[in-house]
Structures are given as structure tokens and as C-alpha cells.
K.L.:
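For reference, the structure I am asking about is given below.
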Amino acid sequence: MTQTDLMPIPGAFDPVPTTRPGLVDGVTPRADGKIDLLGLPRPRIGELFAGAGLDTKAAKLRSRQVFHWIYHRGVTDFGAMTDIAKTMRPWLEARFVIGRPEVVTAQHSEDGTRKWLLSTADGHEFEMVFIPDADRGTLCVSSQVGCTLNCRFCHTGTMRLVRNLTPGEIVGQVMLARDALGEWPKGAMNGLDVEESEGDYSSDGRLLTNIVMMGMGEPLYNFDAVRDALKIVMDGEGLALSKRRITLSTSGVVPMMARAGEEIGVNLAVSLHATNKATRDEIVPINRKYGLEELLQACADYPGASNARRITFEYVMLKDKNDSDDDARELVRLIKQYKLPAKVNLIPFNPWPGAAYECSDPERIKRFAQIVFDAGISAPVRTPRGRDIDAACGQLKTAAHKMSRAELDRLAEEKQAALG
Ligand code: SAH
Ligand code: SF4
């Protein structure tokens, strides 16, 4: 790791995380002067090919072919791109690369959950988690190294350094997961018009079918990169994941929510966690800036939300903090008042060293879920996954130097002051 402790928490009003230093027009600088194509939109790849000397028509064709090899086939070597002329391949190799984030460690939980600690080329660590289920496989993707916000129950919020991940580093997580799961098509490697059926894909019998932006960071504080990365993930000529299988989770960055719906169009999850101002101000401090009414109105206005595509409200169960019958009834009342097509995900609090809260008792969680369910709102209790490898919700935090309670409190104050 680089010197993360020395970097200040930036921003006076909305906390502004640092961008990748040296980034020019989406291109990350490299020591060898080559350009990493991972994370660049297809037209931009075409521009770069044209800038390197191809005529416009050739640049367009080659960019289409290369894009397909990168995202449909998972190829990282231009030499393997068999529908590109043999003489052209070294030309590409001399100028471009197709990168991946570096894997620092990979862990496997006894319940099948997998967690990877990854590193950016400039030495910042972040995590991704894969959660296999009977009918789906979900990749939990990070949008930032750390988080500028400081939800009091979240371990990631105690990280000091915050750097936005680039689109390449975001989409790179999906690529790495596919690499690790052995999920690239194994059909004939002869180019654009080969189609495979689902049966041609293999993993441990499970597929990466869903993506949730619920790893480290607040995706709506890294809007452009998250949008650009998800557009690539959804591109029909590449990874081709349906927007219905992608969920973006926000702690409530209200001014960016409409744009998220319009420009990305994926499912929305909102980290609600409390139903009154005092409690939400305490546990999700961004509430002091964008309050509950504004947040719920933004949910009601979210483009694309409907009964078929509900908004998920995440609600972490904290003992004696937000878990009473009255809290459950208030949650129902708010959802009805704003006429929200909603489901509620109840998340048992995952403890971490130094956390100021405890998880609610199972009986309490059951009762809370029942009240919401009886009001006609789906309210599953999420089973914690990968606890043995610290992969469960809100446990993601690298460089785990242990902070004392006093240090944690001081950090929380600093971050809250930055919220303005
Ligand atoms: N920053 C975004 C997405 C990442 S967090 C957000 O806050 O929505 C994904 C979910 O895990 C959020 O709902 C978050 O509040 C929840 N979470 C964080 N810490 C947790 C913990 N210790 N136990 C259970 N859930 C937690
Ligand atoms: Fe950041 Fe989300 Fe954790 Fe809050 S819950 S500190 S917004 S990652």
C-alpha cells in the first residue's frame, strides 16, 4: 500500500474523493507508454486506433473486433485475436494492452463465497466478493477505495484514503471474476459471429449472473466512472448483462439519483436503515445533508421504478437502535405515504472490531420482518455470507490496521465536518 494515512479527507460540502492521478481522457498512465484499453468505450478505442495511424474505417472495424474479444471472450492477448490480420496483431501489441487489476489475495469461504483483495496499478487496495446461490451468482463490486461517508456501522467508512476507481478498475472486477470462474465462452475462437448457448459457459456449476454495486464506496460519488463501467458491462456486444440483473446501492446521494435512473437505468437499492431523522442522522450521516423526505421523494421519482422493478430498501438491524415494532410500522407508513414500489432487505448487522453496535436478536428481526410483510411488502432477511473470510456486507476494509474507539470517533467527526 502507498501512504494512505497521509492523505487528507477532501471536500468541504460534498466530499470529493481523489481521482486517479495522471488520468487523461480516461487513459491511465503506464510506465511503458502503452495504452490500457480496459474500461474504455468502443468509440474511444476507435479514436485511439485512428490516433495511432489507422484510417477511420479500419479504426472503427478494429475497435469493434477488439471490443468483442476483450469483453465477450475475455482475451488479454492481441495474438489470440484470430480474425484480426496476423500483421496487425503486433502493431496492436506494440501500442496497447488489455489490463486487469492485480490480485493480492483470493479467499474462499466454507459457504462458497469468494473474496478477492485487489490492487490498482498505483498500489491502492480494494475488494470484490462473489456470492453463489442456487439460482444465481452475484458479484459485489467496489466503486471506490474506501468511502468518504461514515455510516457508523460500516467498516469501509473507517478507511481514511478515498480514491475513485476508474471505469477500467470497476469493469476489471467483473473481468477478473469471469477469469477466476472460468466463464468465458469456450467455443471456436474465430471471431464475431460465433454464438454460444448458456450451456457453453462453465464455472463451478454456477454462473456470474448478477452484479451489485455494494462493495467499497458510494457509487453515486463516482458517478461518471460507475456509469461508464456499467455501460460496458451492459453492452450487447460485450459482457451483455441485462440492466435488470444489476443493482446500484446508494446511501442517499439525492442529487444524483435521477441521473442514475436516466443514464444507467439499473435497479436501485437505497440504504435507508432508519425511519426518523435523529436515528438516520446518527447512523447514516449523509442524512444531515439530504434528509428522509427528499430521499423518499427521489425514490418515488426514480426513472424506471415500477411494481415489476421495485426499489430495494436496505435496513441493517441494529439492536435497540432501529429495530422496534414502531420502527417497522413507520417504515411501512413511509413506503405507503410515498407510494413506493418497494421491497425491504433486512440485513443482520455484521460486527467488526471497534463497532459501536450489536446485531438485533433473531426473534426481534423475525418480528420486524413480520410487521413489514403483513403490510404487503416483501421483507426477506438476508443471510450473512462469507463471514469466516470477512466478506459479509460492510466488513470490507483493507489495510486493517486497528483503530481505537477514540480514533474511530475522531475520524467520524472529521468526515462529518466534510459533509458540511
Ligand atoms: N455505499 C453504498 C453501497 C455499499 S454498502 C451504500 O451505502 O448503499 C452495501 C450495504 O451494506 C449498504 O446497505 C450498507 O449500509 C450495508 N452495510 C454496511 N456495513 C454493514 C454492516 N456492518 N453490517 C451489515 N450491513 C452493512
Ligand atoms: Fe460508505 Fe456505504 Fe459504508 Fe456508508 S455504508 S460508509 S456509504 S460504503
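Numbers here simply count residues along the sequence, with the first being 1.
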K.L.:
Quick check on side chain to side chain contact (heavy atoms under 4.5 Å, CB included): which of Pro101, Ser143, Ser119 does Phe126 satisfy it with?
P.N.:
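Only match with Phe126 under side chain to side chain contact (heavy atoms under 4.5 Å, CB included): Pro101.
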K.L.:
Check whether NZ of the Lys or CZ of the Arg Arg178 lies under 6.0 Å from the centre of the six-membered ring of Trp184 and within 45 degrees of that ring's axis.
P.N.:
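Arg178 over Trp184 ring: yes.
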K.L.:
Would you confirm whether Glu263, through its side chain, and Ala260, through its main-chain N or O, come within 3.5 Å as a donor-acceptor pair?
P.N.:
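Looks like no, no N/O pair under 3.5 Å.
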K.L.:
Take a 6.0 Å sphere around NZ of Lys34 and say whether it holds more than 12 heavy atoms from other residues, nucleotides or ligands.
P.N.:
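Result for NZ/Lys34: enclosed.
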K.L.:
When you measure from the side chain of Thr113 to the backbone of Ser109, do you find a donor-acceptor pair of N or O atoms at a distance under 3.5 Å?
P.N.:
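Between the backbone of Ser109 and the side chain of Thr113 there is no qualifying donor-acceptor contact (under 3.5 Å).
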K.L.:
What do the steps show when you test Ser249 against Glu314 for side-chain hydrogen bond (donor to acceptor under 3.5 Å, both in side chains), and what is the final call?
P.N.:
CA-CA 9 Å; Ser249 173; Glu314 293 157 282; 2.8 Å; yes
K.L.:
Should the pair Tyr357 and Phe349 be assigned to parallel (<30°), tilted (30 to 60°) or perpendicular (>60°) ring geometry?
P.N.:
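Correct class here is perpendicular.
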K.L.:
Check whether the ring centres of His273 and Phe153 lie less than 6.0 Å apart, and answer yes or no.
P.N.:
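Judged by ring-centre distance (under 6.0 Å), His273 and Phe153 do meet the cut-off.
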K.L.:
Mark yes when over 12 heavy atoms from residues, nucleotides or ligands other than Phe373 sit less than 6.0 Å from its CZ; otherwise mark no.
P.N.:
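No, not enclosed.
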K.L.:
Do Arg89 and Phe78 form a cation-pi contact, if we require the NZ or CZ to be under 6.0 Å from the six-membered ring centre and within 45 degrees of the ring's axis?
P.N.:
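Geometry flag: not set, cation outside 6.0 Å or 45°.
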K.L.:
Report yes or no: does Gln173 contribute a side-chain atom to a donor-acceptor pair with the main-chain N or O of Ser142 at less than 3.5 Å?
P.N.:
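A pair under 3.5 Å: yes.
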K.L.:
When Arg114 is tested against each of Gln107, His108, Met128 for side chain to side chain contact (heavy atoms under 4.5 Å, CB included), which residue passes?
P.N.:
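It is His108, the one option of Gln107, His108, Met128 that forms the side chain to side chain contact (heavy atoms under 4.5 Å, CB included) with Arg114.
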